Amino acid sequence: MVLPVAATLLMAVALGWFGLHVLQRGVIFVDLALAQVAALGATYAVFLGHEPDEPISYALGLLFTALGAVAFALARHFEEWVAPEALIGIAYVVFAAAGAVLMDFAADPHGAEKLQHLMVGNVVWVRPVEIGIIAGVAAAVGAAHFAAREGLLQVSFDPEAAAAEGRRVWLWDLCFYLTFGLVITTLVHVAGVLLIFSYLIIPAVVGRLFASSVLGRLGIAWAVAVPVSIVGIAGSYSHAAGPIIVMLLGGVLIVCLALVAVRRSAAPLRTVGGMVGAGAALTATLIAARSCDSEHDHPESEHVEIHVHDDLSPDADPATREQWYRGHEGQLPALKAALRREDDPSLRLLLAVALARGGASEGLDALAELAAGPVPFLRMEAHDRLVQVAGGGAVQGDPLAGPVTGWSTWEPPEGWRERAKELSLP
Amino acid sequence: MISVLFLWLISSGHALDVVCTLPWLGDLTERLAPEARVTVLARGTEDPHYLSPTPALMAKVGTADLYVVNGLGLELWSDRLLDGAGNPAIRPGAPGHVQASAGVPRLEVPTELTRARGDLHPEGNPHIWLDPLNAALAAKNIASGLGRIDPSGAEAYRERAAAFEAEIHERVFGADLVGFMGGALLERLARSGKLHAFLASKGLEDRLGGWLAAGRALRGRPIVFHHQSWVYFIDRFGLDLVGTIEDRPGIAPSAAHRGALKEAMTARSVGLIGVQAIYDDRLARVLARDTGARVVQLPGDVGGTDAASDYFALIDTLVAQLGS
C-alpha cells in the first residue's frame, strides 16, 4: 500500500506544478504527445529485443523525448500557419501508430500487452527502486525549477514581457519541455499515459477555477490531487487502481464545475434545478437501458448434451455409461440390452458381472468371452470370477499367459446362482 | 471434349486445404491427413484468445475445405473471421467445420454467469489439449470432419485417429500397463480420479509408465500459475493449484490479491510459478522475489517454446519443467 501511495503522491506534486504551466501555455496535448514519444522510445527498445524495464528502454525513452521536446519548442515558430496544438495532437496520434506498427514488425508475442501497459501502467505493482528513481528525478527537477521559477513563470504566463526583458524565450521553452519530458518518461512505465495526463491537467483545471494567483492555483491543485491519490489507492484495494484514480479526479472536477456554475449564475436555484434535472434524466436513461432485453443470443455450441431422463443416450461417454450401469444393477433387461450395444471391453466386464450376480446366464457367456479376449487384465478378472462361480469344476488356465478358451464350452453347475451373488463388481 | 477434360481435372483429387486455428490442432491434423495442406492461424508464441487476422489469412480461410477450431469460446475472433471470409462450406454447422472440443468432458463450467469474474468462458475452461487424453478425443473429431469432406479417405482417417489414441494411451500410462489392462479402462479410471487407488489395490503401481510415471513428482506438488489455462493438465497430473496470479482472467490483479497469494504461497511452501511464454512474466517475477519461489517459462501450445516442437514434445516439456 505504501509504495503505490508514495508513487501517486510524487506524481501529484510534480505534475501539479507542470500542469499549471501547461494549462497556461495552452498546450494540453503536449503531455500526451511527450508521453507517447517516451512510450515510442520504450517500444523501440522492445523492438530491438529489450524488456520495457531495462535501463536501455529508459535511455531510449529519454532520447526520443528530448527530440520531441526540441520539436515542440520549435512549434511556436509555425504558429502563424498551424496552431501548435494541432501539430502536437498530430504528433500524439502518429507516434501512437508508429508504436503499433513497430510492435507488429517486432512480432513480439507480448507486443499488445506491453503497449497496453504503457497506456494504463500498473501503479499497484511499483517496485522500491522505481520509487527511488522517480523521487530522485522529481527532487532534481524540482530544485532546478525552484531556482529558475521567476524566468519559467514569466515565459509561461507572459512571454511578450519575457522577450522584452531580453530573455531567450525559445531557450526557456526548450528547458521547460526537456525537464517536462524527463519527468514524464520516468513516470510512464509506472503510471501510464492516462494517469499522467489526468494528474497533470485535472488538478490544475480545478486550481484555475478557484484561484488566480500562481501559489493559490498550485495549492488547490495539490489539495485535490493528494487526497484523491490516497483515497484512490486505499479504495481500490481489490480493483485496478489507476483507472479508479482517473475517474475520481474526473468526478472531483465535475463537482467543482457544478459549484462554480451555481456560484456564478444569476439565478442559482434555476441552475441547481437544471443540473438536478439533467442528472435525473441521465439516470433514468441508464436504468431504462438496463431493463431492455438483450438481442444477443448465446451461440449454439456443438457439444454433446447428456439428458437427465433415465434412458442411456447412445452417445454417452464412458464415465456416464459406467455410472448408469452401476445405478441400474438388478434391472436385468436393461443391462442385457446394454450388453448387446457395449463395445468397451472393461465396461462389458462390469455388465457381465452385474448380470451374473442377478442370475442371468448372459453374464457368464460374456465373462467367458472376456476370459478368451486380448486384454490380459480383463482375462484375469473374468477368469477369477468364473472360477468363483464354478466352485470345484473350474476350467484350468493362466489368463495372464494367454486367452483361456475353455470357458466357452463349460456348463455352469447347479447352484451357480448362489455363488454368483457373492461376486464383487469390478 | 472440354467438359470431359474439366471433369477429369476436378476428379483427379486435389489435396485437401485444411485451416486450423491453433498449433496443436495443426499438429494433429497433419498426423491424420499427411497429404493435406494444413495452415495454422495462431502461432504458439501468441495468445490464442486474441488474433488480428491478416488479409492473407482471410484468403486462406476463404478457400479452405475444412476448418478446425478448438471451441468453447477460446477463439473469440473465429466467428468474425468466418463471416469475413465468406466460405459457406466451413461455417459452424456445415460439414467442413470441426469443433475439436466436442464431446470432451469439460471442467470449470461456471454455475453463474457474470462478467464480474473477468472474461470467463461460459461453456467451461477451453484449454482442453493440455490433458493428453483429450487430444485423442479431439483427433477423433478431426478424423470425422476429414471423413465428411473426403469420404474416400474416411476409413484411413479413422484408423489413424485410432492409432493416435493408442499412442496417446501408451505415452500416458506406459506400453506395459496399456498392454495389460487396455487403454479404455485406464482412461476411464484416470478420468474418474480412481487410477492410482485402483492400481494400488491390485498391486500394479510399479507397472505404471509413460508420462504419469515420469510425472510422479507432479502429484500433489503445490504450484501457482499465471493464467487459468492449466485445469486439464492439473486434473491429469495431480498438481495442487494454490492460486493464479491473474485473479480474474484478463484483468490486472489487485493489491489484495497479491497479498493473499503471497500468504498462501508461504503457507503451502510453493516453490514454483508457471508462466506461459506468451505472457509477460513481470508480475510472476515480483511474486517470486517476495516468496523465494522460482518462475518457469512454459509452452502453452505446440511451438510455445523451441522445445515444444510437436504435441508429444509439448507434454514432454511440461512434465519435465514442472517436475524439476
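Fair warning: this is a prediction, and the values are worked out from it, not measured in the lab. Chain letters run A, B, ... following the sequence lines, proteins first, then strands; residues in each count from 1.
With a 4.5 Å cut-off on side-chain heavy atoms, Val375(A) and Phe180(B) do not count as touching. The shortest distance between side-chain heavy atoms of Lys202(B) and Glu381(A) falls below 4.5 Å.
Looking at Leu177(B), there are no atoms closer than 4.5 Å to chain A (heavy atoms on both sides), in backbone or side chain. If you measure heavy-atom distances from Leu347(A) to chain B, the contacts under 4.5 Å come from both the backbone and the side chain.
Annotation: Asp290(B), atom CG; neighbour count of heavy atoms from other residues, nucleotides and ligands within 6.0 Å is above 12. No more than 12 heavy atoms of other residues, nucleotides or ligands shown are found within 6.0 angstrom of CZ on Arg80(B).
With values rounded to the nearest 0.5 angstrom, Ser346(A) atom OG is found 9.0 Å from Leu186(B) atom CG. Taking CG of Asp344(A) as the start and CD of Glu187(B) as the end, the distance is 9.5 Å to the nearest 0.5 Å.
Checked against the 6.0 Å centroid threshold, Phe198(B) and Phe377(A) count as a close aromatic pair.
A salt bridge between Glu322(A) and Arg191(B) is absent, with no side-chain N of the basic residue lying under 4.0 Å from a carboxylate O of the acidic one.
Annotation: ring-ring contact (aromatic ring centres under 6.0 Å, His included) contacts of Tyr232(B) (sequence neighbours excluded): none.
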